[in-house]
Amino acid sequence: MIQAKIIFDKDYRIGKVDKRLFSSFLEHLGRAIYTGIYQSGSPFSDTEGFRKDVLRLVQELQIPCVRYPGGNFVSGFRWEDSIGPVKDRPRRLDFAWNTVETNAFGLQEFERWAAKASVQTMMAINLGTRGIEEARALLEYCNHPAGTYYSDLRASHGARKPYGIKLWCLGNEMDGPWQIGHKDADAYGQLAEETGKLFKQYDPSLELVACGSSNPDMPTFGSWEATVLQRAYDHVDYLSLHQYYRNDGPDDPLFLSAGITMDRFIRSVVATCDYVKALKRSDKTINLSFDEWNVWFHSNSADAKIEPWSVAPPLLEDIYDAADALVVGSLLITLIKHADRVKIACLAQLVNVIAPIMAEPDGKAWRQTIFYPFLLASLHGRGISMQPVILSPAYGCSMYADVPYLDCAAVFHEEEEELTVFAINRSLKDQMEVLLDMRSFGPYVLAEHIYLDCSNLRATNSAKAENIHPERKQPAADGSLVLLPASWNVLRYKSVKR
Ligand code: AHR
């Protein structure tokens, strides 16, 4: 048994968790849209073609916001192809994923689906093959009430009320040479500045995300952020971060250190934003939108065998195991600990494509292993993120000399006088006894202990079996707390004064 200690104090506060930390992402990629959220004529779908079983699982996750329509896809997307009568919409080659896009599902359908799912839209615009003119037209189509060409066109398509989209991504991964219409930092910074200026002129309350680096291993990481922000600082609100984590080997001890890698990435981007703030003597703070994060590697070899130029092929269909659930849980802990600066985070993606939800065309939807840490964090992780002081033994791996076995984040629900702790035991063999010092909280007791037992690291879920799912443990009467090896835990402490 290893021993660890956590100290919490009511005054050690990081900041309020923005509910958009539990957002997700849907791209026109593989089967995310077609046979994912949308399958016209299926017995699983409603009259509009939306998969009802998928919708129920999306609602279960209580996702506040979904980024759409890409991803790499957006950088070659002509949004006008996806509106109006479906029979008039063109089929197009999608050069991001070497597939054919039918446009049977488009902007109008997405907005109707989003209303049913109770999610807000985070709309990404094409700054790859297109520019300010097309972005301006899209803004007018989506948000202007009436009396102009594009707002009247929207009304003629059946949506008299504007969509009122508040959150916009100014392109996607524009630093990446793989991106259609890839630009250098100067060219992108200028385009983001000019597009941002125009959007804010229309409505200063719009929130805009400029592209940061596609991952921290990009050769331009750091200088890209600084250059883009020096141009666009006054006209954007957030800078994006993207990162996917993989378990090559597998090397589980290394994989389980992913939270440290994410933490360093976030700290570096915060530092760069604040460096530009200093250069500009600005009072404004740029916050972070971690709008693509997840584990992604299982499907790489299967994807290499997909026939090009097919419609909605099964791309990026990672089947996640228990180790992936632990890592996703650990990444959520890191995000919650940065709630003061990371305001938006999108688990990439939502259905079928590197996703917590899978839907077979002829079978019902099911929950992957990673569904559960995301669900539990989304349900219990809204409140004030508290700063834990963690005292834990550590192990070494090929990347880091000291990986603490214990990591945790905590969220204080002030009105309910409840402190929810999310804790991972990274030890693959030892139980962990945790001593909690709650100082000025006063008398709190553990009211509920939910956990994911991931000790069988290679266990997966399927349509038939949910091997990884939340379990509950009776809190010990003497207040002692033991975490299982390779477990991710939700500990709900309540005041006993009530
Ligand atoms: O989410 C899959 C892809 O990963 C996205 O299209 C792209 O933005 C990123 O590289």
Side-chain angles (χ1 to χ4, degrees), residues 23-34 36-37 63 65-77 79 93-99 101 110 122-129 168-183 188 192 209-221 224 228 238-246 258 262 265 269 288-300 302-304 306 312-320 324 327-328 331 344-358 368 370 374:
S23 299
S24 190
F25 173 34
L26 273 169
E27 177 168 4
H28 281 251
L29 193 188
R31 300 192 308 108
I33 305 293
Y34 305 108
I37 61 167
I63 290 170
C65 183
V66 172
R67 183 168 176 255
Y68 176 83
N72 295 339
F73 171 81
V74 80
S75 297
F77 179 50
W79 67 267
L93 294 181
D94 164 28
F95 286 89
W97 300 104
N98 289 353
T99 55
E101 171 57 51
F110 181 76
M122 179 183 199
M123 182 66 78
I125 62 178
N126 176 355
L127 291 185
T129 59
W168 297 79
C169 300
L170 304 179
N172 176 70
E173 294 189 350
M174 297 310 301
D175 63 321
W178 61 85
Q179 201 67 212
I180 304 171
H182 154 72
K183 291 169 180 50
Y188 172 69
V209 184
C211 292
S213 294
S214 305
N215 65 69
D217 297 325
M218 296 298 291
T220 49
F221 174 55
W224 171 275
V228 167
Y238 306 95
L239 193 64
S240 76
L241 298 82
H242 290 182
Q243 194 171 23
Y244 294 95
Y245 306 85
R246 46 190 304 139
M262 177 188 251
F265 186 22
V269 177
L288 274 47
S289 171
F290 212 126
D291 45 46
E292 286 189 36
W293 69 272
N294 201 350
V295 172
W296 172 13
F297 70 104
H298 294 282
S299 57
N300 291 353
D303 288 349
I306 299 276
L315 282 165
L316 279 65
E317 298 205 2
D318 278 42
I319 300 299
Y320 291 111
D324 301 324
V327 165
V328 164
L331 297 170
I344 303 160
C346 304
L347 177 68
Q349 299 194 6
L350 185 54
V351 184
N352 288 336
V353 171
I354 43 173
I357 299 169
M358 296 300 288
Q368 294 238 45
I370 64 166
F374 190 75

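Just follow the structure's listing: the first ligand is 1, and inside any ligand the first atom is 1. None of the values given here were measured: they were computed from a predicted structure.
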State whether the shortest distance between N or O atoms of Asn172 and N or O atoms of ligand 1 falls below 3.5 angstrom.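 The answer is yes, given that Asn172 and ligand 1 share an N or O pair closer than 3.5 Å.
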
Polar-atom distance check: Glu27 versus ligand 1, any N or O pair below 3.5 Å?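 There is such a contact, yes.
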
Can you find a pair of side-chain heavy atoms, one from Ser23 and one from Met122, that are under 4.5 Å apart?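 No, too far: nothing below the 4.5 Å cut-off.
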
Please name the pair of heavy atoms, one in Leu350 and one in Ser24, separated by the smallest distance, quoted to 0.1 Å.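 In terms of heavy atoms, the two residues are closest at CB-OG, 3.4 Å.
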
Do you know the tightest heavy-atom contact between Trp178 and Asn72?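 Shortest heavy-atom contact: NE1-OD1, 3.5 Å.
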
Under the rule for side chain to side chain donor-acceptor pair (under 3.5 Å), what residues qualify as partners of Asp324, not counting sequence neighbours?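 Only His298 meet the side chain to side chain donor-acceptor pair (under 3.5 Å) criterion with Asp324.
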
Which of the atoms of ligand 1 are close to Phe25, meaning less than 4.0 Å from one of its heavy atoms?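 Reading through ligand 1 atom by atom, the close ones are 1 (O).
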
Sub-4.0 Å atoms of ligand 1 with respect to non-hydrogen atoms of Glu173: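 Per the distance check, 7 (C), 8 (O), 9 (C), 10 (O).
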
Applying ring-ring contact (aromatic ring centres under 6.0 Å, His included), can you list everything that pairs with Phe95, at least two apart in sequence or on another chain?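 Phe95: ring-ring contact (aromatic ring centres under 6.0 Å, His included) contacts with Trp309.
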
Carboxylate-amine/guanidinium proximity below 4.0 Å for Arg67 and Glu292: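 Salt bridge flag = yes for Glu292 with Arg67.
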
Does only the side chain of Trp293 get under 4.0 Å from ligand 1, or the backbone, or both, or neither? Count heavy atoms.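 Contact part for Trp293 vs ligand 1: neither.
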
Given Trp178, Trp296, Tyr244, which has its nearest heavy atom closest to atom 1 (O) of ligand 1?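 Result: the heavy atom closest to atom 1 (O) of ligand 1 is in Tyr244.
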
Looking only at protein heavy atoms, which one is nearest to atom 9 (C) of ligand 1, and what is the separation?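 Here the closest protein heavy atom is Glu292 OE1, 3.0 Å.
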
